[in-house]
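Just so we're on the same page: letters track the sequence lines, and every chain starts at 1.
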2 protein chains.
Amino acid sequence: MPWEKQFDHDAALSKAMGAFWAQGYDATSMQDLVECMGINRGSLYATFGDKRSLFIEALRRYDSVYREDWIAAVIAANSPRAAIETAFDQVISAVVDAGSSDGCLLVNTALELSPHDAEISEIVDHGLAEMESFFRDMIDQGQDADEIPAHVDPVDTARGLLGLFIGLRVLSRSRPEEPLLRSVAAQAAALLR
Amino acid sequence: MPWEKQFDHDAALSKAMGAFWAQGYDATSMQDLVECMGINRGSLYATFGDKRSLFIEALRRYDSVYREDWIAAVIAANSPRAAIETAFDQVISAVVDAGSSDGCLLVNTALELSPHDAEISEIVDHGLAEMESFFRDMIDQGQDADEIPAHVDPVDTARGLLGLFIGLRVLSRSRPEEPLLRSVAAQAAALLR
DNA sequence: CCCTGTTTTGACTGTTCGTTCCAAACTCAC
DNA sequence: GTGAGTTTGGAACGAACAGTCAAAACAGGG
């Protein structure tokens, strides 16, 4: 048998994800991807198919790492109520401490591609629906633990938190100013009172 | 003196605005614009300059009509507290009644172009800042009129409403489902209690 | 009715896009 | 070593892109 792949599939996919995250789908050319992924044009097509397939794989990876794994970690380290507040705080920390003002790939994609691409829309919608479920679950559990008042409506409030979270992500890409972001997070906490 | 222009400048600009609104900047080609504006390629360049200049003019028009004029109309017809609630309701009505699921051009642009274009970012930031001011002014006036409780912090709450409003606009483009949108609007009202 | 100057028109430019392809370089089994 | 099969780099493809240009169509003033 001949040799195996010389480049790291996952590492290359992460690089592609980063490029799409920072610049968007349309604005990222295959030439950009060839350069930033560090692999050859031919290898890129042989491994990932066309540009759209590569994007979908990158989007799925983002959803897995930055939504699924991230939520699991936030839940594991916090009480229900603190998990919600920590979720907002970590988004702000990413902007303020790490200076990453690229927002959220799911949200960016929701605006750029969801309206005109059903398959991509499905991935985005599922990710956002899971975020909503996370908020709802935390509210339910927080109420069981007497951390969150009983008059808070789990469904409405979870959706409100989703809206605020998306707004925070948009603002962190276009107006990444700490006081503004802090105020938005403070209002998320206010919805739980 | 020879003749004047045969086409209607404002009408053509509105058509261009609509195309950018529905499809985004990158995804709208000059050919699309030529067809939807109903004028010739050369006339387009002679009248509006290049694509970016046309977009900026369309964005300014959007900001003027769908933000400035719209806010003024909402204020004129409502008490301060009702103005805030009406603003959210009208966004939902546009989706549910008129079926317009293109979101908000300012928000769409905030994600697509603001991070990499200073002049466009300035227009978007100003529009969003004015939205924030609208919410803050309504809260101030609502408190003077005893419509909104005194414990509501005008600055924080205005920013929270801005975040919710942006989230609502994103969701109305990617998941235009009435119950979801209604819940988000309900949480906006909850911030004023 | 022709002259003047602007607008309209559609063909045309050079560039960049996503994608394909092939020969050379290379690694492993034999 | 040698042969088999993969990766590699770069050239090349048609299509689509933003932008240009010169000639035709036109309305008014003389």
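Set against dT20(D), dG18(C), dT8(D), the side chain of Ser43(A) has dT8(D) as its closest nucleotide. With distances taken from any side-chain atom of Asn40(A) to the nucleotides dG9(D), dG18(C), dT8(C), the minimum falls on dG9(D).
What separates CE of Met30(A) from P of dG10(D) is a distance of 17 Å, to the nearest Å. Rounded to whole Å, the distance from CG on Leu54(B) to P on dG19(D) is 10 Å. Nucleotide dG10(C) holds its P atom 16 Å from the OH atom of Tyr45(B), rounded to whole Å. Distance, Arg41(A) CZ to dT19(C) C1': 8 Å, rounded to whole Å. Rounded to a whole Å, the CG atom of Leu33(A) is 13 Å from the C1' atom of dT19(C).
For the contact set between residues 13-28 of chain B and DNA chain C, defined by any heavy atom under 4.0 Å, there are no members. Remark: nothing in residues 117-124 of chain B comes within less than 4.0 Å of DNA chain C through any heavy atom.
Side-chain contact between Phe165(B) and Val107(B): absent, with no pair of heavy atoms (C-beta onward) separated by less than 4.5 Å.
Cluster annotation: Val155(B) is not connected to Leu181(A) through the hydrophobic network of ILVMFWY side chains, with a link wherever side-chain heavy atoms come within less than 4.5 Å.
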Expected rows: protein N/O vs nucleotides 14-16 of chain C N/O, under 3.5 Å:
none

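Aromatic ring centroids of Tyr66(A) and Trp21(A) lie under 6.0 Å apart.
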